[in-house]
2 protein chains.
Amino acid sequence: MARPRSFDPDDVLEIARQVFWQKGFQATSLDEITAASGVAKPSLYAAFGDKNALFLKVLDRYHDGILGWAERVLAQPGPGREAIRQWLTGFIPYCSGEKGQRGCLSINSATDGSLDQAELRKSIERYNRRLEELLRARLRADRAQFRKGFDPDVTAHTIMVVHAGLLALAHQRPDSKRVKAVIDQVMGLLA
Amino acid sequence: MARPRSFDPDDVLEIARQVFWQKGFQATSLDEITAASGVAKPSLYAAFGDKNALFLKVLDRYHDGILGWAERVLAQPGPGREAIRQWLTGFIPYCSGEKGQRGCLSINSATDGSLDQAELRKSIERYNRRLEELLRARLRADRAQFRKGFDPDVTAHTIMVVHAGLLALAHQRPDSKRVKAVIDQVMGLLA
DNA sequence: CATGTTCTGTACTTACTAGTACATAACGAA
DNA sequence: TTCGTTATGTACTAGTAAGTACAGAACATG
């Protein structure tokens, strides 16, 4: 029919994610994405729309990756307590050391003053809601394993807060031991 | 000796703080600060240095305000548990509702890819260290009020994480009741 | 091979913004 | 009043980045 695309859109989204994650939305120019991906601007515009739309696609892809992983970890058999601990522990590499410096793409972009706030907030809110639902569902299902009066809904939200806090402080590249100590202490709420 | 300044530098820093906090560092142009403050660019440069330096002064002023308040609240007599609860509770207006949308200037700026990272990180790190020291000092002093095996150092850090998490999620303008519920639950770690 | 269609790359336009040159205004001192 | 000094405001420079026009390339189909 016509000339085929010379690149895989998903590859480009992956590369764009790395650049956006490292430098932030505003500080990343489309020329940098072109340089990193080898795809020229008109092709980017044709495939993804403008810079905002491209970023939202990158962000949704990022969210989907984390959600997919959370679904797998939180669905595992055994005590819910251990599933949640494993989920939190899995973030340690992203919350500490050199890799932690970039923080969380989702949290970072929430502060970006030049993104289209309406669409962005919807995307982030959907992500957070889904994540919290996964936690809540597991805590409710395993309710019997916890102490009397245990509130799965509040606890799910508290875990979300701790999770966000660890990623927000990740920019300081804390020692992974400190991150682990916090997780261990917070796990005390699940008893 | 010479022509006196026609503005109070501290007033300008206060106005600049509002603008930076609302829009973020990159998305705020010096022209906007000029418009908001009535002070022209050459005067801003003469008084504060370039945009980075101006922002760092604004940020340090922001930090000092929060630290001063924390010192007062955390120094109050009575059980340490209540001092810390009051400190956390004091953040609720900044973590919820309309006002919460802007989040925390310090956390927001940590993700800004065009700020001078070296100086910025130093400033934020100093702030976080000082804040955590205040918490830790109070928890250590009131150690006897807590259960056996209570670890004031880890707990201070956990509270910092929760605090950062609440402010990171503030952009979604959560209901203040949810914020309060999280604080109440986390206070369970102080027993 | 011809044709219609869609993609690609170069080069451009447009807009914005950090930072500054320069002429002038406002002060204190003599 | 005059002079030296420092602040102010206008107007400019220079650089960067988002978005696009357009000519040509690469495919499928007939």
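We name chains A, B, ... by the order of the sequence lines, and we start the count at 1 in each one.
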Specify the separation, in whole Å, of atom [atom1] of [X] and atom [atom2] of [N].
| X | N | atom1 | atom2 | value |
| --- | --- | --- | --- | --- |
| A:Asp8 | C:dT8 | CG | P | 12 Å |
| A:Lys41 | C:dT10 | NZ | P | 12 Å |
| B:Leu44 | C:dG19 | CG | P | 11 Å |

| query | Can you name the one residue among B:Leu88, B:Ile92, B:Asp175 that meets side chain to side chain contact (heavy atoms under 4.5 Å, CB included) with B:Lys180? | reply | B:Ile92
| DNA chain C-proximal residues of residues 25-38 of chain B, any heavy atom under 4.0 Å | B:Thr28, B:Ser29, B:Leu30
| task | Please evaluate the base of C:dC7 for a donor-acceptor partner in the side chain of A:Arg3 within a cut-off of under 3.5 Å? | result |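 Such a pair is found, so the answer is yes.
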| Going by the angle between their ring planes, with limits at 30° and 60°, are A:Trp21 and A:Tyr94 parallel, tilted or perpendicular? | parallel
| query | What is the ring orientation for B:Phe7 with B:Phe48, classed by angle as parallel under 30°, tilted 30 to 60°, or perpendicular over 60°? | reply | tilted
| said: On DNA chain C, does the nearest nucleotide to B:Tyr45 precede the nearest nucleotide to B:Ala2 from the 5' side, or the other way round? Give the residue. | reply: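 Nearest-nucleotide comparison on DNA chain C picks B:Tyr45.
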| Is a salt bridge present between A:Glu82 and A:Arg85, judged by a nitrogen-to-oxygen distance below 4.0 Å? |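 Between A:Arg85 and A:Glu82 there is a salt bridge, with a charged N closer than 4.0 Å to a carboxylate O.
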| Sugar-phosphate, base or nothing in reach of B:Pro4, heavy atoms under 4.0 Å | sugar-phosphate
Do [X] and [Y] meet the criterion of a side-chain donor-acceptor pair at a distance under 3.5 Å?
| X | Y | value |
| --- | --- | --- |
| A:Gln18 | A:Glu14 | yes |
| A:Thr155 | B:Gln185 | yes |
| B:Gln101 | A:Gln117 | no |

| note | side-chain hydrogen bond (donor to acceptor under 3.5 Å, both in side chains) pairs touching residues 45-55 of chain B, sequence neighbours excluded, are none
| Outermost DNA chain D nucleotides near chain B [under 4.0 Å, heavy atoms] | D:dG4 to D:dT10
| query | Would one find a side-chain N or O of A:Ser43 under 4.0 angstrom from OP1 or OP2 of C:dC7? | reply | no
